[in-house]
S.K.: 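To start, I am sharing the structure in question, which I have written as structure tokens.
Note on naming: letters A, B, ... go to the chains in the order of the sequence lines (proteins, then strands), and numbering restarts at 1 for each one.
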Amino acid sequence: MPRMNAARKHPVDFTLNGRTVRAEAENRMLLSDLLRHEIGLTGTHVGCEHGVCGACTVQIDGRPARACLTLAQQVRGGDVRTVEALSRDPAELSPLQAAFRRHHGLQCGFCTPGILMSLDVLLRERPDAGREDIREHLSGHLCRCTGYATIVEAALAAAEEQRKEEKPNV
Amino acid sequence: MKPASFDFLCPETTEEALAALAEGGGEARVIAGGQSLVPMLNMRLARPALLVDIMRLEALRRIETSGDEIVVGAGVRQAELEAWPTLLRDLPLLAAAFPCLGHVQTRARGTVCGSIAHADPSAELPLSLVTLGGAVSLRNRKQKRRVKADDFFVGMMATDLAEGEMIEAVHFPKARHGSGYAFREVGRRHGDFAIVACAAVADDRGLRLGIAGVDDRPRVFPLPALDDDQFDDTINDIAWSLNARDDIHASARYRRELVRSLGRETLKEASRCRA
């Protein structure tokens with residue numbers, strides 16, 4: 001691939017929430033800005049823009065990652081999933097989102113999309129995740145409202161619910 | 001906070017990447033996972049004219065065992081090495097360090113060699129490499145060279161990497177049978193950069209203590225046996241030799257105290273593991 005000029009926009013083809021998309025981005029554009037400003041998915045929030053707060057966390061190739069520490073060009077050919085994909089029906093909450101609501105796992109909601117995207121990976125890969133695993137994953141996120149306790153409770157409840165779903169007779 | 005403009009190149013061969021770096025000189029930078037470089041770009045502490053993305057170079061994406069070394073290519077993500085099946089057996093020091101290294105969310109993208117290239121004085125991977133006595137393979141368009149870790153880190157976020165060169169791999173010596181390893185750090189928040197981090201090795205050559213977060217680069221010191229009368233004096237001398245400074249995170253005095261206490265704890269733990 002030839003050298004891409006700084007002054008122009010260049011196509012970025014990737015999979016976003018299960019669909020193939022083509023967007024246009026300058027080399028310097030961050031994935032967080034591509035999602036919000038070019039594509040219009042504003043569920044991904046932008047806090048500190050240097051990788052500390054975790055608000056912009058999305059899933060890249062199945063792993064939780066900071067959209068603000070990723071150049072749009074770096075996801076070319078990759079698979080990106082954002083908070084908009086958690087629930088199939090926009091009118092409904094996913095089990096994890098519903099658990100957050102039930103357990104008051106959010107107040108202002110600014111940090112919530114990032115936290116949901118991290119916990120979604122954890123609960124998918126480790127259905128037996130316990131309090132310590134959840135806290136370990138939450139260490140990459142800042143929440144200034146809840147004090148985290150209700151987030152941990154919500155995640156534990158979602159994990160428990162998921163385990164019951166998988167073993168309906170237990 | 002948005003990066004300034006730069007050209008972007010996604011080469012398909014290492015030769016193409018090296019040619020672009022040679023041409024770009026000091027204005028060209030390698031980008032791998034971006035977890036250290038993109039914050040620098042966002043804050044405009046780095047303003048390269050060209051970024052060369054090496055993550056599509058398959059040759060650099062390997063973890064290999066070569067003799068008594070584990071060779072980690074420049075495209076290997078931290079999470080990939082963390083999940084490597086024989087990490088605990090072959091690199092127990094790294095297995096102990098990984099939980100302290102950033103967060104799950106940054107390890108998923110950040111590379112091992114990227115952290116080495118960034119050379120933050122409190123970072124866990126440079127400390128581990130120096131403590132184990134590892135090495136860095138560098139390459140430019142014309143030649144390859146291998147530099148000992150202790151010579152690679154030359155100062156605060158400064159390395160021996162020359163213009164036109166890139167890191168091709170880092171070499172971690174494999175754990176030897178009957179050796180003990182330990183890693184501990186103190187930081188303000190889990191996953192933040194450490195105020196002080198200590199790594200220790202106990203083997204048939206004696207005790208070695210690596211210290212990060214105090215001097216402008218990770219440092220490693222041989223130490224007498226723990227039950228030696230001189231032990232406390234030696235570790236205190238080391239703490240005072242490190243050019244500790246006051247900053248907003250901690251005082252120099254606190255850092256020296258952490259060197260003494262964390263140092264003793266990690267050395268004890270490494271010795272216990274060995275026994």
Side-chain angles (χ1 to χ4, degrees), chain A residues 1-8 10 12 25-33 37 46-54 56-78 114-115 117-119 121-122 125 132-133 135-142, chain B residues 1-13 16-17 19-20 23-24 28 31-45 47-56 77-80 82-83 98-100 102-110 114 187 189-193:
Chain A
M1 176 163 270
R3 179 164 168 157
M4 291 152 63
N5 189 295
R8 291 202 359 245
H10 303 274
V12 191
E26 285 178 28
N27 297 335
R28 70 193 194 99
M29 178 169 270
L30 303 170
L31 176 61
S32 44
D33 289 337
H37 301 156
V46 174
C48 71
E49 273 190 333
H50 62 288
V52 176
C53 78
C56 69
T57 303
V58 297
Q59 292 168 14
I60 305 176
D61 300 330
R63 316 293 321 162
R66 309 283 201 232
C68 79
L69 294 191
T70 308
L71 299 172
Q73 289 296 343
Q74 287 179 292
V75 300
R76 202 156 41 80
I115 292 179
M117 296 318 282
S118 282
L119 291 178
V121 176
L122 174 66
E125 291 185 349
E132 279 312 302
D133 305 307
R135 287 173 61 96
E136 164 77 27
H137 275 65
L138 284 178
S139 76
H141 295 273
L142 291 178
Chain B
M1 293 204 304
K2 315 288 180 193
S5 296
F6 49 80
D7 285 356
F8 194 78
L9 179 71
C10 217
E12 273 150 36
T13 63
E16 195 188 337
E23 196 189 322
I31 184 164
Q35 301 302 287
S36 303
L37 182 57
V38 179
M40 304 277 286
L41 295 175
N42 287 359
M43 292 186 266
R44 302 203 179 187
L45 295 171
R47 300 182 70 141
L50 170 69
L51 284 188
V52 179
D53 180 354
I54 59 163
M55 292 307 275
R56 285 162 217 265
R77 298 193 195 275
Q78 291 158 11
E80 289 165 352
E82 189 181 6
F98 266 122
C100 302
H103 303 281
V104 171
Q105 297 86 352
T106 56
R107 296 199 294 273
R109 301 290 298 171
R189 185 173 75 124
H190 177 68
D192 275 3
F193 278 116

S.K.: Set out, in order, the CA-CA distance, both residues' side-chain angles and the distance that settles side chain to side chain contact (heavy atoms under 4.5 Å, CB included) for A:Val121 and B:Val104, then state yes or no.
M.R.: CA-CA 11 Å; A:Val121 176; B:Val104 171; over 6 Å; no

S.K.: Between chain B and each of A:Arg135, A:His10, A:His137, count heavy-atom pairs under 4.5 Å; write down the option with the most.
M.R.: A:His137

S.K.: Would you please say whether a donor-acceptor pair under 3.5 Å links the side chains of B:Gln105 and A:His141?
M.R.: yes

S.K.: Tell me, for B:Ala79 versus chain A, whether the close heavy atoms (under 4.5 Å) come from the side chain, the backbone, both or neither.
M.R.: neither

S.K.: Check whether B:Pro11 gets within reach of chain A through its side chain, its backbone, both or neither, counting any heavy atom under 4.5 Å.
M.R.: neither

S.K.: Tell me if the CD atom of B:Glu23 is crowded by more than 12 foreign heavy atoms within 6.0 Å.
M.R.: no

S.K.: Could you tell me which portion of A:Val52 (side chain, backbone, both or neither) has an atom closer than 4.5 angstrom to a non-hydrogen atom of chain B?
M.R.: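 Both backbone and side chain of A:Val52 come within 4.5 Å of chain B.
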
S.K.: Given the options B:Leu50, B:Ile31, B:Leu41, which has more heavy-atom pairs under 4.5 Å with chain A than any of the others?
M.R.: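 Answer, by heavy-atom pair count under 4.5 Å with chain A: B:Leu50.
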
S.K.: On a heavy-atom basis, which atom in B:Arg189 and which in A:Ser139 lie closest, and how many Å separate them?
M.R.: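 Heavy-atom minimum between the residues: NH1-O, 3.4 Å.
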
S.K.: Do A:Arg76 and B:Cys10 come close enough that some side-chain heavy atom pair is under 4.5 Å?
M.R.: yes

S.K.: Should B:Leu51 and A:Asn27 be marked as a side chain to side chain contact (heavy atoms under 4.5 Å, CB included) after you check the CA-CA gap, both sets of side-chain angles, and the distance that decides it?
M.R.: CA-CA 9 Å; B:Leu51 284 188; A:Asn27 297 335; over 6 Å; no

S.K.: For residues 2-11 of chain B, pull every pair meeting side-chain hydrogen bond (donor to acceptor under 3.5 Å, both in side chains), keeping only residues two or more places apart or in separate chains.
M.R.: A:Arg3-B:Asp7, A:Asp33-B:Lys2, A:Glu49-B:Lys2

S.K.: Using a 3.5 Å cut-off and no angle test, enumerate the donor-acceptor pairs between side-chain atoms of residues 65-75 of chain A and protein atoms at least two apart in sequence or in another chain.
M.R.:
from: A:Arg66; atom 1: NE; to: A:Gly51; atom 2: O; distance (Å): 3.0
from: A:Arg66; atom 1: NH1; to: A:Thr57; atom 2: OG1; distance (Å): 3.2
from: A:Arg66; atom 1: NH1; to: A:Gly140; atom 2: O; distance (Å): 3.0
from: A:Arg66; atom 1: NH2; to: A:Gly51; atom 2: O; distance (Å): 3.3
from: A:Arg66; atom 1: NH2; to: A:Gly140; atom 2: O; distance (Å): 2.9
from: A:Thr70; atom 1: OG1; to: A:Arg66; atom 2: O; distance (Å): 2.7
from: A:Gln74; atom 1: OE1; to: A:Leu71; atom 2: N; distance (Å): 2.8
from: A:Gln74; atom 1: NE2; to: B:Ala32; atom 2: O; distance (Å): 3.1

S.K.: Could you tell me which portion of B:Leu37 (side chain, backbone, both or neither) has an atom closer than 4.5 angstrom to a non-hydrogen atom of chain A?
M.R.: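 The answer is neither part of B:Leu37.
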
S.K.: With only heavy atoms counted, which part of A:Arg8 is less than 4.5 Å from chain B, the side chain, the backbone, both or neither?
M.R.: neither

S.K.: Using heavy-atom distances under 4.5 Å, tell me whether B:Glu12 contacts chain A through its side chain, its backbone, both, or neither.
M.R.: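 For B:Glu12, side-chain heavy atoms alone lie under 4.5 Å from chain A.
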
S.K.: Measure distances from B:Met1 to the heavy atoms of chain A and classify the residue's part below 4.5 Å as side chain, backbone, both or neither.
M.R.: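 B:Met1 touches chain A through backbone and side-chain heavy atoms alike.
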
S.K.: Does A:Arg28 use its side chain to pair, donor to acceptor, with the backbone of B:Ala4 at less than 3.5 Å?
M.R.: no

S.K.: Of all heavy-atom pairs between A:Glu136 and B:Pro99, which one has the smallest distance, and what is that distance?
M.R.: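 Distance-wise, the nearest heavy atoms are OE2-O, 4.3 Å.
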
